[in-house]
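Presented below is the structure to which this report refers.
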Amino acid sequence: MNTFDADGVTLREVEDDVWELERDDEMRVPARVFANETLLEDIQNDKTLEQLRNVACMPGVVAPALCMPDGHQGYGFPVGGVAAFDAEDGYISPGAVGFDINCGVRMVKTNLTYEDVRGREEELVDALFDAVPCGLGGGGVHDVSHTDLEAALERGVDWCVEEGYAVREDRLHCEDEGRRPDADPSAVSKKAKDRGANQMGSLGSGNHFLEIQRVTDVYDDETADAFGLDEDQVVVLIHCGSRGLGHQVCSDYLRRIEQEYPDLTEDLPDKDLAAAPAGSELADDYYGAMCAAINFAWVNRQLITHAVRETFADVFDTSWQALEMDLLYDVAHNIAKKEAHDVYVTDDGYSLDGDGGRVQRDLYVHRKGATRAFPAGHPDVPTAYREVGQPIIIPGSMGAGSYILKGGSQSLARSFGSTAHGAGRLMSRTQAKREYGGGEVQTDLREQNEIYVKAASGETIAEEAPGVYKDVDEVVGVSDALDIGDLVVRTFPIANIKG
DNA sequence: ATGTAC
């Protein structure tokens, strides 16, 4: 059996592309990394493995603690981490969701081909850049009243439908149908609401982007057909989150947990994993506030979608309906969700592995930098995709392609119905700025790859240079091989707008 | 990710 010696820890390959951390006494459950050796070389370079081990030490964790192939170091909990906790006896942890609650990505289709947009990239990008606010700070597509903000937090994409920013089909093509009914706007602080009020319909900064792409490869004709994707088709990817509002919700509740449960926080291997006991008032407040921030992020992506549709209609002198700019799907990257999963009862508690009878338990599934990947037949997959599986969108870097996958048949058994969310960083933003210059990256992409990049900040381009990311081909290759998310199509960038 | 710190 293969082993891999990372700094201070040995991993054992228990089956192809599944690596288990050496178990110590403090770990309550096994910890696994889905990767090949190329990706493991990258993953071992920061604190990812140490953080994954810490997650496996947390009380109430359901086996196993997981790291997806794009995993890298995060706040307390790896980005690319998946961990489930029993919803009665377990915990819910803001650090295991992340600061950017419901950061996520959606794909909007068009009936344009690459020929239709060739030569007009600059015109299109300039128009989109004007229509969609981006970068740090305030300014959104729409100024909203306090009443509107409350409604958006409460009802998510349903509010967008009511206000004419979405059609009913948009709602059906979002995870959770674009609305978490457990949202509790009263659990969101005034400070968080103030930060979000003038940011509704804005891209933000960092790795967030708006990208025009073309479909270059189709690997699975039947599923591509069900998804309405075809070679040479132009599509738009929108990647953003809950801006200052989600960030503030995360900060607020991390502080409250540390204050109200100091002993519990002290006992954790890393206080950044601070967690509230399931069933406590604080856990319920955080869950309600997090769900409201989730709804806010969906509204954010929907308002941007509305602006993108209007801009395309303007540039091509027609309507977005005539351009068939329908939403393929919208997936969440940073969330915790109460989901029912089939698990075995073991000496450690509950586990995805075992023999004998299985029981169904409600779990808080934390996916941080990970995508839900429900398989064909699952009732939570929209009717339009029920027979093939949930669409999964995996953006590569701005110089690489992106992939559309479908939920794989092994996702529930292996990963609580989850897979990767992107290429995954190779280095910190600080290091990226030392290694790259924004202007040079921008010129190279244009001259070598015919990708037109426009950004609010040159520093962001350096931080997001293609070289700071892992090889997305390797990431989706592991997902496909493990049958947790299977390849459907590949896309390549035409133009990219960054915050 | 983020009005890049309490």
Open item on the list: Less than 3.5 Å apart, any donor N or O on the side chain of His173(A) or Asp326(A) sitting next to an acceptor on the other?
Closed with: no

Task: Between dT4(B) (P) and His247(A) (NE2): distance, integer Å - done: 9 Å

- [ ] For Glu463(A), report the nucleic acid contact type (base, sugar-phosphate, nothing); a contact means any heavy atom under 4.0 Å.
- [x] nothing

TODO: Report the distance from atom CZ of Phe296(A) to atom C1' of dT2(B), rounded to the nearest whole Å.
DONE: 13 Å

Task: Distance in angstrom units between Gln248(A) CD and dT4(B) P, rounded - done: 11 Å

Open item on the list: Looking at every heavy atom in both His341(A) and Val365(A), which two are closest together, and how far apart are they?
Closed with: NE2-CG2, 3.7 Å

Open item on the list: If I take atom CD in residue Glu258(A) and atom P in nucleotide dC6(B), what distance separates them, rounded to the nearest angstrom?
Closed with: 11 Å

Task: salt bridge (Lys or Arg N to Asp or Glu O under 4.0 Å) involving Lys47(A) - partner list, sequence neighbours excluded - done: none

Task: Pairwise 5' ranking along DNA chain B for His239(A) and Leu136(A), keeping only the more 5' one - done: His239(A)

- [ ] Give Gly241(A) one of three labels, base, sugar-phosphate or nothing, depending on what nucleic acid heavy atoms sit under 4.0 Å from its own.
- [x] nothing

- [ ] Return the value, rounded to whole Å, for the distance between atom CD of Glu459(A) and atom P of dT2(B).
- [x] 15 Å

Task: Any Arg429(A) side-chain nitrogen or oxygen under 4.0 Å from OP1 or OP2 of dT4(B) - done: no

TODO: Run the salt-bridge test on Asp42(A) and Lys470(A) with the 4.0 Å N-O cut-off and return the result as yes or no.
DONE: no

Task: Atom-pair distance (NZ on Lys191(A); P on dA5(B)), nearest Å - done: 13 Å

Open item on the list: Any base atoms under 4.0 Å from Ser242(A), or only sugar-phosphate, or nothing? Heavy atoms, all strands.
Closed with: nothing

TODO: Take the protein atom CG of Asn198(A) and the nucleotide atom P of dT2(B), then report the distance between them rounded to whole Å.
DONE: 13 Å

- [ ] Quickly work out the Leu254(A) CG to dT2(B) P distance and round it to whole Å.
- [x] 17 Å

